[in-house]
Structure formats: C-alpha cells, structure tokens
Amino acid sequence: MYGAAVLRACVVAAAIVVPAIAHAQDAFEIQVYDAQTAARGEPGLELHLNQHVNEGAVNETHLTFEPHYGLAAWAELGGYFQTAVTTTGDLAYAGVKLRLKLRRPQRAWDDRIGLAINGEISAVPSRFEPQVWGGEIRPIIDLTAGRLYASFNPILAVELRGDVAGHPQLEPAAKITMKLTEAMAIGAEAYGAFGPLDDLGSEHASRLLGVLDVSGDWWDLNIGGGYG
C-alpha cells in the first residue's frame with residue numbers, strides 16, 4: 001500500500017533457522033516483494049524486525065531500516081541500514097544496501113498481474129556475510145484476483161568475492177494470501193536457496209512462514225512466524 005507517506009513494518013516473530021544456511025538467503029530482510037512502486041516524489045520507510053531461533057533459544061535479533069523514494073510513477077529508489085543484537089547483547093552494525101525497483105507502468109490481464117524488477121548491491125560486514133560484497137536481481141510477478149493475492153520472486157543473488165563470485169545463485173521466494181477484510185489478510189510465505197545456477201542442488205535451505213497482513217490509511221504491518 002502506498003500513500004503520501006508509507007510506514008511498513010515487517011515483523012518475523014520466530015523465524016527458526018538451521019545453523020548452516022545457503023550463501024544467498026537473506027537473514028535481515030525476510031520479505032516477498034510486490035510489483036508496486038511508490039508514486040513520484042513520495043517517501044516511505046519500512047522496518048524489518050526478526051529473531052532467529054535455534055533449538056529453542058533466541059540466536060540473534062535483526063532490525064533493518066529501509067527508506068525509499070518514488071523517482072517516477074514506475075521507479076523507486078531504496079536503501080537499507082542493518083543492525084543486529086548479538087547473542088552477547090551487543091548492538092552491531094550489519095551493513096548497508098542500495099536498491100532500484102522498476103515496474104511495468106500498466107498492470108496486465110484487466111489489472112490483475114503486475115510485473116517489476118529489483119536490483120540491489122550490498123556491503124555487509126564479514127561476521128554476517130563472509131564475502132562482504134554482493135547483489136541480487138529480483139524479478140517480480142504478482143497477481144490480484146478478488147480476495148486472493150500471490151507474488152513470486154525468482155531471485156538471482158550474486159556474491160562479488162569468494163569461490164562462487166559471479167555465479168548467480170537461485171533463491172526463489174513466494175507469497176499467497178487471502179483477504180479476510182479490506183484491511184486484513186492471512187496466508188503463507190516460502191523462501192528457498194539452491195546454490196549457483198551452474199551447480200543447482202549443491203546447497204539447500206528453506207523457510208516457511210504463516211503470515212498476517214494488516215493495513216491502515218498510511219501504514220502496513222506484516223507479521224510472520226515459521227520454520228526453516
């Protein structure tokens with residue numbers, strides 16, 4: 001949802017992850033993108049808060065600030081400032097990212113299908129991402145049909161250092177929800193990571209979340225919990 005200014009909070013209350021996840025899976029921004037962009041000249045802010053739980057104990061808490069701005073009716077510029085509260089209780093700087101999202105100006109099939117693409121580059125300290133420098137290309141297709149909403153992001157993540165530098169890694173994400181009211185929807189999100197395209201299956205990680213989306217006049221709240 002986009003208005004004159006948007007505040008969106010994405011809260012993953014209990015994302016349970018195994019210790020060895022694939023290179024590409026993002027531990028700070030657990031979100032399936034829609035094909036919408038902010039209107040020209042409109043600012044917004046997203047807050048991403050998640051806790052990673054391992055064997056019943058909270059492992060790490062992540063808080064990410066994501067401001068964005070509408071460059072045009074079909075283009076949005078965004079950035080990320082990532083922080084983490086570690087297992088020792090210390091607050092740590094966890095990197096920055098810059099992204100550009102472009103969308104097809106008109107939705108297809110009687111306004112049901114949206115198409116967009118998001119490009120991103122990141123610099124994350126080695127304690128969180130061993131290779132530090134990376135990026136992603138995220139195609140986006142979403143569908144709205146009555147009370148049903150679905151989105152698919154076949155993400156290609158690229159590390160710029162290390163053994164698999166320059167080898168795109170497949171990290172698909174998908175979401176499906178059903179509206180209960182005009183302001184509330186429930187559904188599920190799924191995230192996967194399968195390794196480089198030239199060596200698919202060499203790695204495997206997945207997350208499955210149950211989600212609740214609530215919206216107001218100028219804000220959205222997305223809450224999820226699940227296992228991976």
**Fill in**
For F128, the ring pair (Phe, Tyr, Trp, His ring centres under 6.0 Å) test, sequence neighbours excluded, returns F28

**Message:** Checking side-chain polar atoms at under 3.5 Å, does T144 have a donor or acceptor matched by the opposite partner on R112?
**Reply:** no

**Message:** On a heavy-atom basis, which atom in I223 and which in L221 lie closest, and how many Å separate them?
**Reply:** CD1-CD2, 3.7 Å

**Request:** Any chance you could lay out the salt bridge (charged side-chain N to carboxylate O under 4.0 Å, His left out) test for R99 and E66, step after step, and finish with the verdict?
**Result:** CA-CA 10 Å; R99 68 171 180 84; E66 182 190 352; 2.8 Å; yes

**Request:** Using the side-chain contact (heavy atoms from CB on, under 4.5 Å) rule, take L71 and R40 through it: C-alpha gap first, then chi angles, then the decisive distance, then the call.
**Result:** CA-CA 5 Å; L71 298 176; R40 183 174 182 175; over 6 Å; no

**Request:** Determine whether more than 12 heavy atoms belonging to other residues, nucleotides or ligands lie under 6.0 Å from atom CG of D198.
**Result:** yes

**Prompt:** Looking only at atom types and distance, does a side-chain atom of S126 sit under 3.5 Å from a main-chain N or O of E129, one as donor and one as acceptor?
**Reply:** no

**Message:** For K175 and Q31, which I'm curious about, is there any donor-acceptor pair between the side chains at under 3.5 Å?
**Reply:** no

**Request:** Over all heavy atoms of both residues, which pair between A108 and R104 is shortest? Give the atoms and the distance, please.
**Result:** N-NH1, 3.8 Å

**Asked** Which heavy-atom pair separates P196 from V164 by the least distance, and what is that distance?
**Response** CG-CG1, 4.0 Å

**I186, CD1 atom: more than 12 neighbouring heavy atoms under 6.0 Å** = no

**Asked** Does the pair R138/E171 count as a salt bridge with the N-to-O cut at 4.0 Å?
**Response** no

**Message:** Can you confirm if the NZ or CZ of R207 lies within 45° of the ring axis of Y227 and under 6.0 Å from the centre of its six-membered ring?
**Reply:** no

**Message:** When you measure from the side chain of D142 to the backbone of G114, do you find a donor-acceptor pair of N or O atoms at a distance under 3.5 Å?
**Reply:** yes

**Message:** Strictly distance-based, threshold 3.5 Å: is any side-chain N or O of D26 a donor or acceptor partner for the main-chain N or O of E29?
**Reply:** yes

**Verdict with reasoning, F81 to T64, per side-chain contact (heavy atoms from CB on, under 4.5 Å)** = CA-CA 6 Å; F81 180 80; T64 298; over 6 Å; no

**Item:** side-chain contact (heavy atoms from CB on, under 4.5 Å) between L143 and Y149, worked out
**Value:** CA-CA 6 Å; L143 167 71; Y149 173 80; over 6 Å; no

**Prompt:** Checking side chain to side chain donor-acceptor pair (under 3.5 Å) for the pair H62/Q82: CA distance, chi angles, key distance, verdict?
**Reply:** CA-CA 7 Å; H62 296 160; Q82 300 180 165; over 6 Å; no

**Fill in**
Heavy-atom closest pair (A188 atom, V211 atom, distance to 0.1 Å) is N-CG2, 3.7 Å

**Item:** NZ/NE/NH1/NH2 to OD/OE distance under 4.0 Å, K101 and D34
**Value:** yes

**Closest non-hydrogen atom pair between I140 and S151, with its separation** = CG2-OG, 4.1 Å

**Message:** One thing to verify: whether E76 and R103 come together as a salt bridge, which I'm taking to mean a side-chain N less than 4.0 angstrom from a carboxylate O.
**Reply:** no

**Prompt:** So, the side chain of S122 versus the backbone of V124: is there a donor-acceptor pair under 3.5 Å, distance only?
**Reply:** no

**Complete:** Tightest non-hydrogen contact, residues F152 and A173, listed as CD1-O, 3.5 Å

**Asked** So, does T37 use its side chain to make a donor-acceptor pair with the main chain of A73 at under 3.5 Å?
**Response** yes

